[in-house]
Amino acid sequence: MVQLRPRASRVPPSAMVDEGQPASEEEEEAEHGLLLGQPSSGAAAEPLEEDDEEGDDEFDDEAPEELTFASAQAEAREEERRVRESVRRDKTLLKEKRKRREELFIEQKKRKLLPDNILEKLTTAEQTNIKKSSGKLKEANLQKENEDCDKGSDSKKAKVQKVQSVGQNKSYLALRLKDQDLRDSRQQAAKAFVQNSLYGPGTNRTTVNKFLSLENKRLPVKKAAAQFLNNAWGTQKKQNAKRFKRRWMVRKMKTSKK
Amino acid sequence: MGEFKVHRVRFFNYVPSGIRCVAYNNQSNRLAVSRTDGTVEIYNLSANYFQEKFFPGHESRATEALCWAKGQRLFSGGLNGEIIEYDLQALNIKYAMDAFGGPIWSMAVSPCGSQLLVGCEDGSVKLFQITPDKIQFERNFDRQKSRILSLSWHPSGTHIAAGSIDYISVFDVKSGSAVHKMLVDRQYMGVSKRKCIIWGVAFLSDGTVISVDSAGKVQFWDSATGTLVKNHLIANADVQSIAVSDQEDSFVVGTAEGTVFHFQLVSVTSNSSEKQWVRTKPFQHHTHDVRAVAHSPTALISGGTDTHLVIRPLMEKVEVKNYDAALRKITFPHRRLISCSKKRHLLLFQFAHHLELWRLGSTVATGKNGDTLPLSKDADHLLHLKTKGPENIICSCISPCGSWIAYSTTSRFFLYRLNYEHDNISLQRVSKMPAFLRSALQILFSEDSTKLFVASNQGSLHIIRLLEGSFKHLHTFQPQSGTVESMCLLAISPDGNWLAASGTSAGVHVYNIKHLKLHCTVPAYNFPVTALAIAPNTNNLVIAHSDQQPLPNDKTLLYNPLPPTNESDVIRRRTAHAFKISKIYKPLLFMDLLDERTLVAVERPLDDIIAQLPPPIKKKKFGT
C-alpha cells in the first residue's frame with residue numbers, strides 16, 4: 001500500500017466531503033491507476049508539486065497516483081472529523097465567551113438594583129396597613145420625588161428606571177426621568193411658539209420707552225423721552241474706570257504717606 | 001391729627017405678573033383670573049370686587065385656559081399638559097391630571113356643565129366627563145393637523161368650533177368627526193407670509209361662528225354651510241380674545257394694541273326685525289395686549305399683559321348709577337406683601353421667588369409741613385433671600401424686633417433667625433419645621449416676638465413659641481366642626497392677650513392667648529373683611545369690610561376709628577390714627593406707624609411698573 005502524504009490538497013476538504021459520490025468515483029479511478037501503478041508514485045508526486053507551474057506537460061503522460069479507496073476514504077473521514085472538531089471547538093469557545101459575558105452582566109445588574117431587603121419591604125408594604133397621618137398623603141407631589149423619602153434609598157432612586165408607586169405609603173414617588181425631559185421640551189416648544197407669534201419677527205412691536213414718549217413728542221413744548229438716559233450703556237468701561245480710580249487713590253495715599 | 005415724619009419708600013420693585021385668562025361665573029358672580037406665573041385669583045364681584053381667594057403660582061404651571069364647571073368647580077389647563085382642578089374651600093389643588101396630548105392650549109365646558117373639552121398641541125380634541133369627584137377621559141375627536149388654540153361649544157351641546165392655525169373646524173360632538181373646515185385668509189384682502197392664528201372662537205345658537213385672529217379680523221361664519229358671512233377688520237395687530245354675553249346680543253373682543261371693542265346686535269332700521277352686528281364702542285384702558293376678556297350681564301371685564309384688571313360696567317345695563325357704575329382698575333393684589341419691624345426700622349418685601357430686607361434711611365433735619373427732608377443715611381439693602389423650588393411664596397413676615405423671618409410656600413414653611421452685629425447680618429435657618437405649618441395663608445409675630453401665629457389653609461390656627469434658635473409648638477386652634485374655611489387675616493393685640501382671625505365666610509373669631517381658648521365670635525357681615533387691627537391701649541377690634549365701612553367693635557371702652565381701605569389707592573393700612581384722607585401719595589402698598597412721630601408709606605408708582613413690562617405694539621401717531 002502506498003503511503004500517502006497528506007496532499008496540500010488541490011481540492012478543499014469540504015468540497016470532498018460534500019460531493020461524496022463524484023469524489024469516490026474519482027478515487028476509484030485513481031485507485032485503478034494505483035493498482036496498475038508505479039511504486040515510485042511518491043517520488044513522482046514530489047516533483048509534481050514543486051514544478052507545478054512549469055512541468056505540467058511532463059506528467060501528462062504518466063499514470064495518475066495510486067490511491068486505495070480505503071485510504072482515501074479514511075483520509076476524507078479524517079478531514080471531515082478535523083473540520084467538525086474545529087467547528088465544535090469554535091462553537092464551544094464562543095459559547096463560553098458569551099456565558100462569561102452574561103455572568104458579568106448579571107453581576108453588574110445585581111449591584112445596580114436595590115438591595116434585597118428594600119425590595120422585600122416594597123412588596124410587603126402594599127399589604128401591610130400603615131398608619132400615616134393624612135398630611136403625608138397630600139405630600140405626594142410629582143415634582144418633588146426626593147423630598148420626604150423615609151426608606152433611605154435616595155441614592156438609588158436616580159438610577160431606577162421604572163418603579164410602580166407604592167400603594168398606601170405615598171411619602172415618595174419614583175418617576176422616569178425621560179418622561180419629564182420630553183414634557184419639558186414640549187412645554188419649551190409651546191412657549192417658543194407663543195413668544196414667536198406675539199413678539200417674533202413680523203410683529204409690530206416697539207419698546208416701552210418709545211411708547212411712553214409718544215406723548216412727550218406731541219406736546220406744545222416738546223419734552224425729552226420718558227427714559228432719556230441709557231444707564232446700561234458702557235457698563236464694562238465704567239466698571240474698569242471705577243476700579244482704576246480706586247487703585248490710583250490707594251497708590252496716591254501710599255506715596256503721600258511716605 | 002398730629003405731625004408725622006413720613007418715610008416714603010419707593011424702592012420696592014414689585015411688578016405684578018400679566019393676566020392670561022379670565023373666567024366669569026354667572027351663578028355666584030365671581031371672576032377667576034389666572035396670571036402668567038400660575039397664580040389664580042378669585043374676585044367676588046358683588047362684594048366691591050374684592051379678591052377673596054388666591055392660589056399661589058408655580059413655575060412649571062403655564063396656565064393657558066381657565067373655566068368654571070357646574071357646581072362651582074374651577075378647572076385650568078396649561079402648557080405642562082395637565083388639567084388641574086382647584087379646591088375652593090381648602091384653597092389648594094385637588095388634583096392634576098395629565099391629558100396626554102402635549103401642552104393644552106384651550107379648554108371649554110359644555111353648556112350643561114358635565115363635559116369638558118380640551119384642545120391640545122398635537123391637534124387632538126379630547127372629551128372628558130366631569131364626575132362628582134374627578135374627571136374621566138371619554139374619547140378623542142378627529143385629530144387635526146395643527147394645534148387647537150381655541151374652543152367653543154354650541155349652546156345646545158351638539159357641535160363645537162375649534163380654531164387652529166389658518167383654519168377653523170366644526171365638529172359634531174356625537175360622532176367626533178369634523179363636519180366643516182373653514183380656511184381663514186392670512187391677511188384681510190391680501191397675502192402674507194405669517195400664518196394666521198385663530199386666537200378665539202365663539203359659537204352662537206343660530207349657528208354663527210365668530211372668530212378672531214392674528215391679522216386683526218373679526219369674522220362671522222355660517223356653520224351649516226361652512227362659508228364666510230361677514231368680515232370686519234378692526235385692528236392692525238392681533239385680536240386676542242372674545243367673550244359673548246349670555247343673551248347673545250353683544251360680545252366683546254380684545255386686541256393687542258390694548259383696545260377693547262364692544263359689538264352689539266342692533267336692528268337695521270328702527271322698526272325692522274332684521275338685526276346685524278355692529279361695532280359700537282372702543283375702550284382704551286390698557287397699554288399692552290389684552291389677552292383675556294369676559295362678559296358679565298352688566299359689565300365688560302378685560303385683563304392683559306399690563307397686569308391691570310379692568311371692569312367696565314355698561315351704562316345701559318346698570319340700573320342704579322352710583323359709585324358702582326364707575327370704571328374699576330385693579331392692579332395690586334389684595335393682600336399684604338410688606339411687613340415691618342418697628343424696633344429696627346426694617347422692611348421685608350415679598351416677591352414671587354425671593355424676599356428682600358431693607359433698612360430705612362434716616363434723617364436729622366427738621367422742617368415744616370409738606371417739606372421733603374434730605375436723607376443723611378440712605379436706605380440699605382440688607383438681605384436678598386431666594387427660595388428653593390418652583391413654588392411661589394404665599395406669605396411672609398418679620399418679627400417686630402427684627403430677629404425672626406418666616407415665610408411659607410405650598411409645601412414648606414421656613415423660619416430664619418437673624419443676628420445683628422455691628423452692621424452685619426447673619427442668617428440661620430431653623431430646620432425641621434413641622435409639616436402642618438406648610439401652606440400658611442397668614443403669618444404673624446406677637447409684639448414681644450416670642451410667639452408665632454400661623455393661619456393655615458385648612459382652617460386651623462397654630463401658635464408656636466419661639467426660643468433662642470429653636471421653637472416649641474404651643475397650641476393649635478382647630479376650626480369649628482363642619483367648616484373647612486381658611487383663615488385669611490390675623491391681628492394681634494399689642495399686649496399679646498388677644499388674637500383676632502377672620503375667615504372667608506364666617507365671622508371674626510377672637511381668641512384669648514393667655515388661656516388658649518376662643519373668646520368670642522363677631523357675627524358675619526355681608527361683605528368680606530379686608531383689614532383687621534387691634535388698637536393698642538384700648539383693645540378695640542376694628543374691622544374694615546370691602547364695602548369701605550369700618551365696623552369698630554368695642555371690647556372695652558373707647559372708640560377709636562381706623563381709616564378704611566380704599567381699593568384703588570390704598571391697599572393695606574395698619575395705622576391707628578384718625579380719619580383723614582390725604583391724597584398726596586402715589587398708589588400705596590403699605591403703611592405703618594413706626595413710633596409716635598413717624599410713619600412709613602410704601603408707594604408703587606404705576607409708571608415704574610409699566611417701564612418693566614414686555615414690548616407693546618407700535619402706534620403710529622401723526623407728527624412723530
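Note that this is a predicted model, so its numbers are computed, not measured. Just so you know, these numbers use all the heavy atoms, side chains as well, and skip hydrogens, waters and symmetry mates. Residue numbering restarts at 1 for every chain, and letters A, B, ... go by the order of the sequence lines.
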For this session: Quick one: do T203(A) and R194(B) satisfy side chain to side chain contact (heavy atoms under 4.5 Å, CB included)? Show the steps, please.
Result: CA-CA 9 Å; T203(A) 53; R194(B) 282 180 68 86; 3.5 Å; yes
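Distance CG/L149(B) to OG/S197(A): 8.0 Å, rounded to 0.5 Å. Between atom NZ of residue K210(A) and atom NZ of residue K618(B) there is a gap of 6.0 Å, rounded to the nearest 0.5 Å.
Closest approach of I197(B) to F193(A), counting heavy atoms only: CD1-CZ, 3.9 Å. Scanning all heavy atoms of the two residues, the minimum distance from P615(B) to Y199(A) falls at O-CE2, 3.4 Å.
Of the options R183(A), Q187(A), R186(A), a side-chain contact (heavy atoms from CB on, under 4.5 Å) to L79(B) is made by Q187(A) and by none of the others.
Ranked by heavy-atom pairs shorter than 4.5 Å toward chain A, the options T287(B), L613(B), N236(B) are led by T287(B). Per-residue heavy-atom pair counts under 4.5 Å with chain B were compared for N209(A), L182(A), V194(A), and the maximum is reached by V194(A).
Heavy atoms of L212(A) lying under 4.5 Å from chain B belong exclusively to its side chain. With a threshold of 4.5 angstrom between heavy atoms, T305(B) approaches chain A through side-chain atoms but not through N, CA, C or O. Contacts of I165(B) with chain A are made by side-chain atoms alone, with heavy-atom separations under 4.5 Å and no backbone atom involved. Interface remark: D607(B) contributes no atoms to any contact with chain A (heavy atom separation under 4.5 Å). Only the side chain of K621(B) comes within contact range of chain A, judged by heavy atoms closer than 4.5 Å. If you measure heavy-atom distances from P616(B) to chain A, the contacts under 4.5 Å come from both the backbone and the side chain.
Considering only heavy atoms from C-beta on, T206(A) stays 4.5 Å or farther from I617(B) through its side chain. Side-chain contact between K619(B) and N204(A): absent, with no pair of heavy atoms (C-beta onward) separated by less than 4.5 Å.
With a 6.0 Å radius and a threshold of 12 heavy atoms from other residues, nucleotides or ligands, K145(B) has its NZ atom at or below the threshold.
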